[in-house]
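Data block below; observations after.
The chains referred to below are lettered A, B, ... by the order of the sequence lines, with proteins before strands, and numbering in each begins at 1. Any value given below was found using the heavy atoms of this structure, including those in side chains, with hydrogens, waters and symmetry copies removed.
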Amino acid sequence: MEINISEEEQRKYFLDKWKEKDTQYICEVPVFCRSIDLVKYNKKENTVCAVEFKTRNWKRAVEQAMSTAISFDYVEICVRKPKTVKAQQTIKEYCQAVGVGVYFFDTSALDFEHILMPEKVEKIWNVQKAQVIDFILKEDTYAK
Amino acid sequence: MQSDIIKMLRYNTGTDKKAFVAFKESFDAVIFNATIVAYSGSAIADLVSVYKNQYIIDPQTHIMQHDIMAIMSKDKKTGQYDIKRSVKKYLDQLPGSVMNILEKEKRPLSTLEINSIMDELVKNVFEFETQYVNSFIKKKEYDKYLRYVNVGPKPKVVIAPYFMLKKEMTENQILEYIELNRKCLEKFSLYQEKQELHYPVAAQLVIDREILKNKDLCGLIKEYYNYDGYEYIFLWISDFSSFECSLEEKKKYYDLLKTLNQMGKKPLMAYGGYDSILLTQVQMPVRLFGVAQSVGYGEARSITPVGGGLPVNKYYFYPLHRRMRFDEALGILMENGYFSSEKSNAEHADDYYAEICNCEQCKKIIKNDIDNFRVYNESIPYTVNARYGEIKRNRPTTEATLVAAFHFLFCKNNEWEQVNNEDRQELIHQLLSNNKRYGSRESQKQIEEWCDIFAR
């Protein structure tokens with residue numbers, strides 16, 4: 001049965017269920033005047049990926065993710081899986097065109113599918129990326 | 001510089017002082033709101049005595065006509081609302097019934113009530129604008145010196161009491177207030193005559209943007225403001241920029257300036273950006289004769305208080321003459337290849353100076369490495385309690401706020417210099433071409449419309 005889940009709960013499920021090798025997950029990372037829902041930091045490859053969570057309005061998620069793309073190697077969105085294949089395809093095609101990765105959240109199974117891998121952001125400002133990593137490392141030190 | 005132009009810098013809070021002192025030679029007069037003068041009289045006295053002796057006080061008499069909540073603040077400890085301390089201090093200088101009605105009856109004054117105290121109001125406002133600061137100077141050690149060398153601070157212009165024309169007013173109410181404004185202006189001018197003083201007098205027209213579209217505004221202005229007893233007229237149109245407003249608003253604003261110019265009055269923009277500075281150019285078909293800008297912000301401003309919002313790093317993008325969020329400015333630079341690996345950081349820095357900005361502040365920060373542009377974005381993370389828990393955001397460091405303010409003021413200096421020295425056609429050409437290069441489609445359209453109307 002499908003249940004009503006907030007963006008925050010969606011992120012919590014994601015953190016519980018999704019694991020990637022050598023990857024650290026950090027919530028609420030400040031970038032410019034915004035806060036990124038989740039940043040995946042791959043220490044080995046020294047890459048950062050921003051993930052925006054949305055229950056509805058997937059286009060807004062793409063917009064938000066792209067607005068800070070300058071600071072990340074990759075940007076992705078995690079949205080509720082649409083019921084129809086056509087709607088799923090629309091999201092996939094739209095994101096493919098702009099290089100944004102997509103996770104679908106199946107609210108019945110409470111599970112995630114990584115349906116589209118992100119493309120490397122072309123125009124990164126390394127100064128800003130370094131600031132993001134610096135924040136992550138400081139948070140990490142603080143947590144320890 | 002054209003001698004009939006007044007460049008004004010607004011002084012809003014004590015944090016503006018550093019920039020104010022550094023740029024004191026770049027403007028003709030400092031302008032204060034009456035409430036800050038009332039609240040910090042002694043500090044203001046020092047400021048105008050030591051740094052800038054030409055000052056203007058905005059009497060803010062429109063505070064009597066707003067919903068009481070617009071002048072209230074909440075006491076953090078008790079949770080009770082009370083009139084803001086700075087407003088209270090100012091109200092103490094006005095006729096007693098103003099404070100009584102606002103504080104005890106918690107309501108604005110009616111036009112009838114304002115009419116009944118008008119003589120006293122005019123006298124108190126005039127005294128406040130011309131004497132209040134002096135009353136603090138008299139208590140200072142340096143008073144004797146100032147008097148000896150006769151360099152004491154003086155009002156550059158005195159502003160008559162005024163009331164706002166609001167969008168929700170009926171035509172009759174608009175008439176009532178405009179009549180009130182005329183009476184205040186006349187009485188104020190006559191009061192000064194009786195005192196045998198000769199400060200240039202200004203009216204102030206404060207209106208909601210919607211009033212600009214009132215079909216008869218220019219007719220009313222001709223009828224009620226065509227009076228010899230004043231020279232300048234401050235314009236404050238709520239949250240208005242002639243670059244960014246609609247086509248209709250642009251046309252109406254043009255008509256308003258034309259009407260005032262034809263009446264021989266000199267309009268001054270109370271909160272203006274580059275659009276206002278351009279309109280002071282001597283070849284413009286309709287003209288402003290001065291602009292006030294602030295240290296922290298310079299352009300459009302709402303009349304009634306609005307929420308301050310969370311502080312963010314901002315940067316004045318000179319080619320577009322617009323203050324924007326740091327990430328927006330960075331995006332434009334990225335799009336134009338300023339951080340690409342095709343050139344060295346030093347070459348990019350040279351391009352930046354040639355194409356974007358070569359002000360002292362930028363040179364001090366960027367030096368020969370474009371990556372130093374990051375200084376404008378220096379920030380500290382802080383925690384905000386959101387509905388679903390804590391989130392982290394960035395707020396600018398004090399240093400970043402200051403360098404952004406200095407950069408802004410250097411840009412303003414350059415704008416004044418350009419407008420003063422360059423031909424109108426050249427200025428318009430630069431405006432259009434820079435917008436084509438760096439602006440959004442929307443902004444290009446707005447600027448083209450502006451040029452069609454104001455620079456034809």
Revision key, fill the gap. Expected contact set for residues 372-383 of chain B against chain A at heavy-atom separation under 4.5 Å reads B:Phe373, B:Arg374, B:Asn377, B:Pro381
Review point. Any ion pair linking A:Glu28 and B:Arg393 (charged N to carboxylate O, less than 4.0 Å)?
Key: no
**Study point:** Heavy atoms from other residues, nucleotides or ligands near NZ of A:Lys44 exceed 12 (cutoff 6.0 Å)
**Key:** no
Review point. Where on B:Asn313 is there a heavy atom nearer than 4.5 Å to chain A: the side chain, the backbone, both, or neither?
Key: neither
Review point. Are B:Leu330 and A:Ile70 close enough, and set up right, to give a side-chain contact (heavy atoms from CB on, under 4.5 Å), and what steps lead you there?
Key: CA-CA 9 Å; B:Leu330 182 65; A:Ile70 236 167; 3.9 Å; yes
Review point. For B:Glu335, is it the side chain, the backbone, both, or neither that has a heavy atom closer than 4.5 Å to a heavy atom of chain A?
Key: both
Point to revise | Top of B:Arg395, B:Glu328, B:Met334 for chain A proximity - count of heavy-atom pairs under 4.5 angstrom | key: B:Met334
Practice item. Under 4.5 Å, heavy atom to heavy atom: which of residues 430-449 of chain B reach chain A? Give them by number, or say none. Key: none
Practice item. Flag the pair B:Leu333 / A:Trp125 as yes when at least one side-chain heavy-atom distance between them is below 4.5 Å, and no otherwise. Key: no
**Study point:** Main-chain N/O of A:Phe32 paired with B:Asn394 side-chain donor or acceptor, under 3.5 Å
**Key:** yes
Review point. Checking A:Ile124 against chain B: side chain, backbone, both or neither under 4.5 Å from a heavy atom?
Key: backbone
Point to revise | Structural part of A:Glu7 lying under 4.5 Å from a heavy atom of chain B | key: neither
Exercise for review: Check the surroundings of atom NZ in A:Lys17: do more than 12 heavy atoms from other residues, nucleotides or ligands lie under 6.0 Å from it?
Suggested key: yes
Practice item. Count the heavy atoms belonging to other residues, nucleotides or ligands that lie under 6.0 Å from NZ of A:Lys19, then report whether that count exceeds 12. Key: yes
Point to revise | Partners meeting ring pair (Phe, Tyr, Trp, His ring centres under 6.0 Å) with B:Phe406 (sequence neighbours left out) | key: B:Phe23
Contacts under 3.5 angstrom, residues 52-59 of chain A side chains, donor-acceptor by atom type, not counting sequence neighbours:
| residue | atom | partner | partner atom | Å |
| --- | --- | --- | --- | --- |
| A:Glu52 | OE2 | A:Arg34 | NH2 | 3.0 |
| A:Lys54 | NZ | A:Gln64 | OE1 | 3.3 |
| A:Asn57 | OD1 | A:Arg60 | N | 3.2 |

Review point. Under a 4.5 Å heavy-atom cutoff, which of A:Ile36, A:Val127, A:Val31, A:Thr68 has the most pairs with chain B?
Key: A:Val127
Check your understanding: What pair of heavy atoms forms the shortest contact from B:Val312 to A:Cys33, and how long is it?
Key -> CG1-CB, 3.1 Å
